[in-house]
Number of protein chains: 4
Amino acid sequence: MGRAKTIDETQLFQATEKIILRDGYAGFHFKALAEELGVARSTIYNYFSKKEELVTAFMVHLLKQVVHHMDNVSENEEPVRGLVDIWSKYANIHQMMHVMPYIDREATPLVQSNVQEMFGLLGSMRSRISTILTKEQERGRVRKDIQVETMTGLVMAVVQIPIQSDQEARWVEEVYKLLKDGLYD
Amino acid sequence: MGRAKTIDETQLFQATEKIILRDGYAGFHFKALAEELGVARSTIYNYFSKKEELVTAFMVHLLKQVVHHMDNVSENEEPVRGLVDIWSKYANIHQMMHVMPYIDREATPLVQSNVQEMFGLLGSMRSRISTILTKEQERGRVRKDIQVETMTGLVMAVVQIPIQSDQEARWVEEVYKLLKDGLYD
Amino acid sequence: MGRAKTIDETQLFQATEKIILRDGYAGFHFKALAEELGVARSTIYNYFSKKEELVTAFMVHLLKQVVHHMDNVSENEEPVRGLVDIWSKYANIHQMMHVMPYIDREATPLVQSNVQEMFGLLGSMRSRISTILTKEQERGRVRKDIQVETMTGLVMAVVQIPIQSDQEARWVEEVYKLLKDGLYD
Amino acid sequence: MGRAKTIDETQLFQATEKIILRDGYAGFHFKALAEELGVARSTIYNYFSKKEELVTAFMVHLLKQVVHHMDNVSENEEPVRGLVDIWSKYANIHQMMHVMPYIDREATPLVQSNVQEMFGLLGSMRSRISTILTKEQERGRVRKDIQVETMTGLVMAVVQIPIQSDQEARWVEEVYKLLKDGLYD
DNA sequence: CATGAATGAGGCTTCATTCAT
DNA sequence: GATGAATGAAGCCTCATTCAT
């Protein structure tokens with residue numbers, strides 16, 4: 001039955017995230033990855049034949065999770081709060097997104113399609129937010145004097161507000177309030 | 001004496017920004033820079049003896065400008081709006097900040113001190129915002145039920161909201177409103 | 001598994017010696033080394049990640065050999081002659097030592113420790129010679145009116161006396177005599 | 001009458017020696033030299049149009065001094081001692097000679113002729129020593145059972161015996177004795 | 001003469017990727 | 001499948017040297 005696999009995609013993704021979060025994309029090489037996983041560098045090529053393919057696949061994977069969460073939230077009575085809640089759990093996704101400019105998007109067809117999928121997913125996120133906001137507008141909860149794009153941008157941006165670890169609940173609370181009612185009394 | 005300079009620091013900084021914004025930090029080499037400026041690669045080393053030194057010097061330069069602007073604004077009657085106004089002009093500074101994880105901060109002593117200065121300036125920005133918010137709280141304009149840090153984070157984060165070029169005025173208007181009064185009616 | 005090595009440390013050391021002896025340290029680059037060995041430049045980096053690491057490792061290796069030889073000689077009835085004999089075989093070691101001022105000793109920790117080891121080995125050589133001379137003094141063979149350090153220096157210095165190839169035996173004979181009885185009748 | 005010279009050959013030579021002795025030939029650049037002298041790098045090219053020309057000129061200059069000293073000594077009743085005496089004063093010349101393998105001897109015609117002159121001077125040194133030794137043989141002072149070349153080599157080699165500063169007199173004494181009568185009682 | 005500026009040549013390194021076992 | 005070894009491409013950096021003022 002051949003040799004048993006020593007690693008799988010999940011481990012690759014975990015190690016990838018760990019390294020990128022720890023060392024930034026600059027510190028993310030197959031060299032480092034191999035060390036992290038305790039396998040030979042060349043072994044990774046049995047799974048992903050190109051660095052960019054791995055990274056983009058990983059990001060697709062991440063984004064899918066987020067989008068999935070968003071789907072389960074949109075039915076909530078307080079959907080904006082639900083979004084903030086998700087952000088608190090996927091804060092690092094933004095760090096991950098920053099690696100995008102460093103990726104050669106033309107590298108291979110697979111990379112291209114991954115990148116396209118990523119953009120698709122990002123679009124989904126945005127449009128889910130838009131939808132939520134529009135619905136809320138219809139319900140008379142959200143203001144109508146501002147473009148939905150700008151508001152969507154704001155909702156996406158708040159993920160950048162630093163969270164102190166073990167203060168997530170408070171972060172959600174405060175950020176939600178700020179989003180809802182703004183800075184002013 | 002000696003011959004006339006063909007480039008100066010200003011041009012270096014401009015080219016640096018241009019390249020980083022266009023290609024990301026990954027595409028920023030002295031090779032690219034030299035091509036952009038039409039000089040030999042080694043010429044650049046007469047100005048900055050290390051890639052990191054140039055980039056960090058540039059970022060310090062940028063941040064200084066922003067902080068300087070902030071100083072001239074804080075006396076305004078509507079200081080939060082002033083901040084948003086600055087953000088609209090320095091939107092790219094955030095893109096620039098994203099290169100930080102890619103910089104080898106130990107590269108040289110000069111780099112180290114530049115990086116320290118950068119953090120100092122970022123701190124200044126934050127503390128200026130804090131101060132503004134606290135003062136506004138005292139004047140009874142800004143709410144008091146939320147930690148100043150979180151609010152500062154929000155103010156800094158809005159710079160990430162995408163601007164459509166030639167829509168800056170509107171962006172400022174809308175973002176300011178959102179900041180002030182939130183999403184909700 | 002993996003493919004068979006095309007070079008090993010021994011070949012690297014041999015090539016290193018050959019090049020340094022032929023071209024001096026100035027002519028010793030990984031480029032030259034790679035050409036000499038018929039491999040790609042980068043291949044060498046799989047063995048030694050820095051020029052200085054290779055050179056210093058090589059010198060440690062050389063010195064160890066010499067010290068080892070010295071140990072097997074000290075029991076001889078005519079130990080000074082034994083030393084001269086060793087010198088005749090390791091004449092080039094002195095040429096090698098001349099590269100030391102050209103080595104960046106701080107390059108890496110490994111380099112540092114290699115350099116330290118080198119000095120340790122040189123110290124060993126010196127102290128072995130000292131010991132021999134002192135013992136010979138006790139046996140009443142070696143004069144006592146001169147500091148042992150100076151005599152040790154003399155013994156080490158004679159390695160510089162040029163040898164004509166295929167005249168080694170004669171060189172040993174004559175140098176030994178000179179060491180023992182001096183120039184004068 | 002034109003601008004006054006700010007440096008001259010003497011200063012160049014002094015600075016050259018200082019740097020080479022301090023940092024080794026590796027640390028000897030026109031950059032360092034210019035700093036040492038407080039002039040622009042390019043200024044040096046008004047005096048020597050090539051690094052090698054400067055270095056070789058300097059070495060010729062040094063060797064000439066030594067040879068000159070040797071001439072004034074050879075008339076002494078104890079000529080070997082006289083040589084040792086000179087060595088004590090020019091100990092560093094040997095360090096200087098070690099840079100030779102690093103010099104591109106073909107660099108320019110001037111370099112070539114300098115190098116030739118250097119070899120000539122080294123030959124002079126050797127032949128002066130030979131002559132002295134031969135004369136001493138004739139006077140029945142120096143042994144005849146050993147080739148003059150080997151003995152010359154010994155005399156030249158002793159310059160390598162380390163001198164402790166402010167112990168020069170003693171060094172001369174001891175080395176002379178060793179040369180004359182050897183290590184053995 | 002002196003100099004500041006520019007440059008080219010050459011060496012150093014690091015990885016992603018490919019190969020052969 | 002896994003691996004150790006080899007490699008090429010690409011970027012970094014340092015000087016000697018040349019140029020123009």
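In what follows, chains carry the letters A, B, and so on, assigned in the order in which the sequence lines appear, proteins first and then strands, with residues in each chain numbered from 1. Fair warning: this is a prediction, and the values are worked out from it, not measured in the lab. Atoms considered below: every heavy atom in the structure, side chains included; atoms not considered: hydrogens, waters and symmetry mates.
- If you take CZ of A/Phe30 and P of E/dT17, they are 7 Å apart, rounded to a whole angstrom.
- Of all the residues in residues 44-62 of chain B, B/Tyr45, B/Lys50, B/Lys51 reach under 4.0 Å from DNA chain F with at least one non-hydrogen atom.
- When the side-chain hydrogen bond (donor to acceptor under 3.5 Å, both in side chains) test is applied to C/His29, no partner is found at least two apart in sequence or on another chain.
- Atom OG1 of residue C/Thr56 and atom CG of residue C/Asn114 lie 3.5 Å apart, to the nearest 0.5 angstrom.
- In this structure, the NZ atom of C/Lys5 is 5 Å from the P atom of F/dA5, given to the nearest Å.
- A cation-pi contact links B/Lys51 to B/Tyr25, judged by a cut-off of 6.0 Å to the six-membered ring centre and 45° from its axis.
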Applying side chain to side chain donor-acceptor pair (under 3.5 Å), run through C/Ser49 and C/Glu53 and close with a yes or a no. CA-CA 7 Å; C/Ser49 40; C/Glu53 289 185 359; 3.3 Å; yes

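- Between the side chains of C/Thr10 and C/Gln14, no donor-acceptor pair is found at a separation under 3.5 Å.
- Annotation: the span from A/Phe28 atom CZ to A/Leu33 atom CG amounts to 5.0 Å, rounded to 0.5 Å.
- With no hydrogens or angles considered, no side-chain donor-acceptor pair links B/Glu9 and B/Tyr47 at under 3.5 Å.
- Look at CD1 on A/Ile19: it is 12 Å from P on E/dC15, rounded to the nearest Å.
- Contacts with DNA chain F (heavy atom under 4.0 Å) in residues 32-43 of chain C: C/Val39, C/Ala40, C/Ser42, C/Thr43, listed by number.
- Annotation: salt bridge (charged side-chain N to carboxylate O under 4.0 Å, His left out) contacts involving residues 15-27 of chain B, sequence neighbours excluded, comprise B/Lys18-B/Glu36, B/Arg22-B/Glu36.
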A/Thr108 and A/Glu52: side chain to side chain donor-acceptor pair (under 3.5 Å), yes or no, with the steps? CA-CA 8 Å; A/Thr108 72; A/Glu52 280 84 0; over 6 Å; no

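- As a whole-Å value, the separation of A/Tyr25 OH from E/dA16 C1' is 11 Å.
- B/Ile19 contributes atom CD1, which lies 7.0 Å from atom CG of B/Leu37 (distance to the nearest 0.5 angstrom).
- Rounding to the nearest 0.5 angstrom, the gap separating the CZ atom in A/Phe58 from the CD1 atom in A/Ile20 is 6.5 Å.
- Position along DNA chain E of the nearest nucleotide to A/Lys31 versus B/Gly2 favours B/Gly2 as the more 5'-ward residue.
- In this structure, C/Arg3 places its CZ atom 13 Å from P of E/dT18, rounding to the nearest Å.
- In this structure, the ring of A/Phe48 has its center no less than 6.0 angstrom from the ring center of A/Phe30.
- Looking at DNA chain E, the stems built from 3 or more consecutive Watson-Crick or G-U wobble pairs, each pair with its key distances under 3.5 Å, are E:2-21 with F:2-21.
- Nearest to the side chain of B/His29, among F/dC15, F/dC12, E/dC19, sits F/dC12.
- In this structure, D/Asp23 places its CG atom 16 Å from P of F/dT14, rounding to the nearest Å.
- Residues from residues 103-113 of chain A that place a heavy atom under 4.0 Å from any atom of DNA chain F: there are none.
- Electrostatic pairing of C/Arg41 and C/Glu35 does not count as a salt bridge here, judged by no charged N lying under 4.0 Å from a carboxylate O.
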